[in-house]
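Data first, discussion second: the structure below is written as structure tokens.
If you read the sequence from its start, that first residue is 1, and numbering goes on from there. Atoms within each ligand, like the ligands themselves, are counted from 1 in listed order. All heavy atoms count here, side chains included; hydrogens, waters and symmetry mates do not.
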Amino acid sequence: MNYNKKSVRDADVKGKKVLLRCDFNVPLDKQTGEITSDKRIVESLPTIKYLLENGAKVIACSHLGKPKGEFKKELSLAPVAKRLSELLNIPVAFAHDVAGEESKKLADTLKGGELLLLENLRFDPGEEKNNPELAKKLASLGEIYVSDAFGTVHRAHASTAGIAAYLPAYAGFLVEKELSIMGGALDDPKRPFVAVLGGAKVSDKIGVLTNLIDKADTLIIGGGMAYTFLKAMGKNIGQSLLEEDKIGLAGEVMEKAKAKGVKLLLPIDVAIGDRFAADCEKKIVSVDDIPDDWQGLDIGDKTIALFTEATKGAGTIVWNGPMGVFEFPAFANGTKSMAKALADSGAVTIIGGGDSAAAAEQMGFADKITHISTGGGASLEFLEGRELPGIACLQDK
Ligand code: ADP
Ligand code: MG
């Protein structure tokens with residue numbers, strides 16, 4: 001996968017109609033329909049402002065929720081247009097269709113420095129089907145395409161991939177940042193490169209595991225997935241999360257690490273509970289002493305010390321997947337300590353994955369991390385080293 005893509009800085013946007021794919025997939029209040037967090041809108045402002053300040057006619061578009069190809073009033077982007085207008089302090093035109101007549105008319109009357117937002121792309125069934133007709137229609141609204149919706153670059157949709165067949169395609173600032181930091185870490189990491197993996201399941205992380213074991217100097221495994229590894233080592237894991245059919249794979253990963261000289265670290269002690277509940281009884285035991293009817297819900301103190309030590313002196317640390325059931329305060333310590341270890345490490349630190357990113361933010365470490373990748377599924381596929389259609393379609397540098 002080539003991460004070296006042209007950015008909006010490389011485009012001559014003055015007086016041009018720029019079709020800008022944003023991620024305005026904001027959370028809405030179920031009752032009132034109001035936007036409950038405008039974080040994604042705020043994050044999209046640097047690219048929008050850059051374009052407006054450089055005289056572009058900006059035609060922004062996005063999906064919102066899952067309308068399944070039909071108009072759903074509650075998923076209209078009209079409230080986003082209003083919020084954008086408040087944040088930018090300029091009027092924002094809103095087209096009530098997706099690349100239809102109204103869109104076309106409004107796009108053609110835009111002047112340099114003006115902004116138009118189209119209606120929810122997924123109201124059109126062609127969007128998720130990557131329908132070439134829709135891609136062509138969208139493309140016909142503009143002269144340049146800019147992709148800034150990192151959260152959807154792993155999807156080949158009309159507005160994320162198809163459109164690039166008809167317009168010169170560039171990365172916006174959000175996508176550019178993902179490419180330079182995360183792409184840079186995967187391509188040519190500052191070493192030692194430490195990968196920290198956790199989360200619920202081995203099966204969710206097979207791709208990440210196999211990609212990172214080829215690149216990392218140290219691989220740290222915690223979270224629910226660690227128990228399948230402990231089982232593969234012949235340990236009794238009680239009622240802890242186990243994927244029976246992945247025990248073999250865990251064994252292979254350990255073999256591969258050994259053969260490649262990758263240092264593989266697993267928990268040596270764990271915080272266990274007598275049931276899966278926030279108010280369960282808790283104790284910390286060695287991984288050799290997990291009772292039959294208890295389950296591992298977090299890493300223990302000795303493991304925290306071991307994992308923290310392994311992050312010291314690292315050049316790059318990539319983390320995906322919480323170390324425990326951090327949603328239960330009694331079992332959040334491992335995840336919190338890992339976030340702190342990254343924050344204190346002095347390394348280039350990258351967090352990918354929806355829950356890990358949320359945990360780091362919740363726990364107050366976000367501003368001490370080099371980069372928190374904004375796309376849940378997209379970040380994961382990025383870490384898997386897969387070709388992402390929404391990135392592959394952009395012009396190479
Ligand atoms: P990400 O979204 O960062 O990729 P995942 O979705 O893979 O992370 O995993 C997050 C989930 O893993 C959390 O909901 C957390 O409760 C769960 N988890 C972590 N450790 C354990 C464990 N020991 N047992 C059960 N679930 C766990
Ligand atoms: Mg998740």
Taking only heavy atoms of [X] into account, list the atoms of ligand 1 that are under 4.0 Å away from them.
| X | result |
| --- | --- |
| Y227 | 23 (N) |
| S356 | 1 (P), 3 (O) |
| G296 | 22 (C), 23 (N), 24 (N) |
| P322 | 3 (O), 8 (O), 9 (O), 10 (C) |
| G321 | 3 (O), 8 (O) |
| G223 | 20 (N), 23 (N) |

Salt bridge (charged side-chain N to carboxylate O under 4.0 Å, His left out) evaluation trace for K137 with E133: CA-CA 6 Å; K137 260 178 27 187; E133 287 312 309; over 6 Å; no

Please determine if [X] has a nitrogen or oxygen closer than 3.5 Å to a nitrogen or oxygen of ligand 1.
| X | answer |
| --- | --- |
| D204 | no |
| F326 | no |
| F276 | no |
| K205 | yes |

Where do T311 and A341 come nearest, in terms of heavy atoms and distance?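 That would be OG1-CB, 3.8 Å.
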
Give me the atom names and distance for the closest heavy-atom approach of D301 to D269.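 Answer, listing the atom of D301 first, then D269: N-OD2, 3.3 Å.
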
Report the part of K201 in contact with ligand 1, treating N, CA, C, O as backbone and CB onward as side chain, heavy atoms under 4.0 Å; options are side chain, backbone, both, neither.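 It is neither; nothing of K201 touches ligand 1.
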
Side chain or backbone of Q295 under 4.0 Å from ligand 1, or both, or neither, by non-hydrogen atoms?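 Neither; no heavy atom under 4.0 Å.
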
Centres of the F331 and F276 rings: under 6.0 Å?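 They do not qualify: ring centres at least 6.0 Å apart.
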
Can the ring centres of Y50 and F173 be said to be less than 6.0 Å apart?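 Yes, the ring of Y50 comes within the 6.0 Å limit of the ring of F173, centre to centre.
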
Starting from [atom], locate the nearest protein heavy atom and write down its residue, its atom name and how far away it is, to 0.1 Å.
| atom | value |
| --- | --- |
| atom 21 (C) of ligand 1 | G224 N, 3.3 Å |
| atom 12 (O) of ligand 1 | A200 N, 3.1 Å |
| atom 24 (N) of ligand 1 | V325 CG2, 3.7 Å |
| atom 19 (C) of ligand 1 | G324 O, 3.1 Å |
| atom 13 (C) of ligand 1 | E327 OE2, 3.3 Å |

Determine, stepwise, if the pair L141 / K17 fulfils side chain to side chain contact (heavy atoms under 4.5 Å, CB included). CA-CA 7 Å; L141 298 175; K17 287 186 281 183; over 6 Å; no

Proximal candidate to atom 10 (C) of ligand 1 [heavy atom criterion; set L380, D355, V270, L383]: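 Among L380, D355, V270, L383, the closest heavy atom to atom 10 (C) of ligand 1 comes from D355.
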
For side chain to side chain contact (heavy atoms under 4.5 Å, CB included), just list the numbers for I90 and S85, CA-CA rounded to whole Å, side-chain angles, deciding distance to a tenth of an Å, and then say yes or no. CA-CA 5 Å; I90 57 166; S85 172; 5.9 Å; no

Might you work through the side chain to side chain contact (heavy atoms under 4.5 Å, CB included) test for D298 and V325, ending with a clear yes or no? CA-CA 6 Å; D298 194 10; V325 184; over 6 Å; no

Measure from the Mg ion (ligand 2) to each N, O or S atom of D355 and report whether any distance is below 2.8 Å.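 A backbone or side-chain N, O or S atom of D355 is under 2.8 Å from the Mg ion (ligand 2).
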
Apply salt bridge (charged side-chain N to carboxylate O under 4.0 Å, His left out) to K72 and E74, showing your working. CA-CA 6 Å; K72 292 227 168 74; E74 67 278 13; 5.8 Å; no

List the steps and the verdict of salt bridge (charged side-chain N to carboxylate O under 4.0 Å, His left out) for E176 and R9. CA-CA 10 Å; E176 183 189 35; R9 274 181 259 262; 2.6 Å; yes

Start with the C-alpha distance between D214 and K256, add both sets of side-chain angles, then the distance that settles salt bridge (charged side-chain N to carboxylate O under 4.0 Å, His left out), and finish with yes or no. CA-CA 9 Å; D214 280 333; K256 196 164 180 193; 3.5 Å; yes

Within this structure, what is the OG-CG distance for the pair S180 and D187, rounded to the nearest 0.5 Å?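 Here the rounded value is 11.5 Å.
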
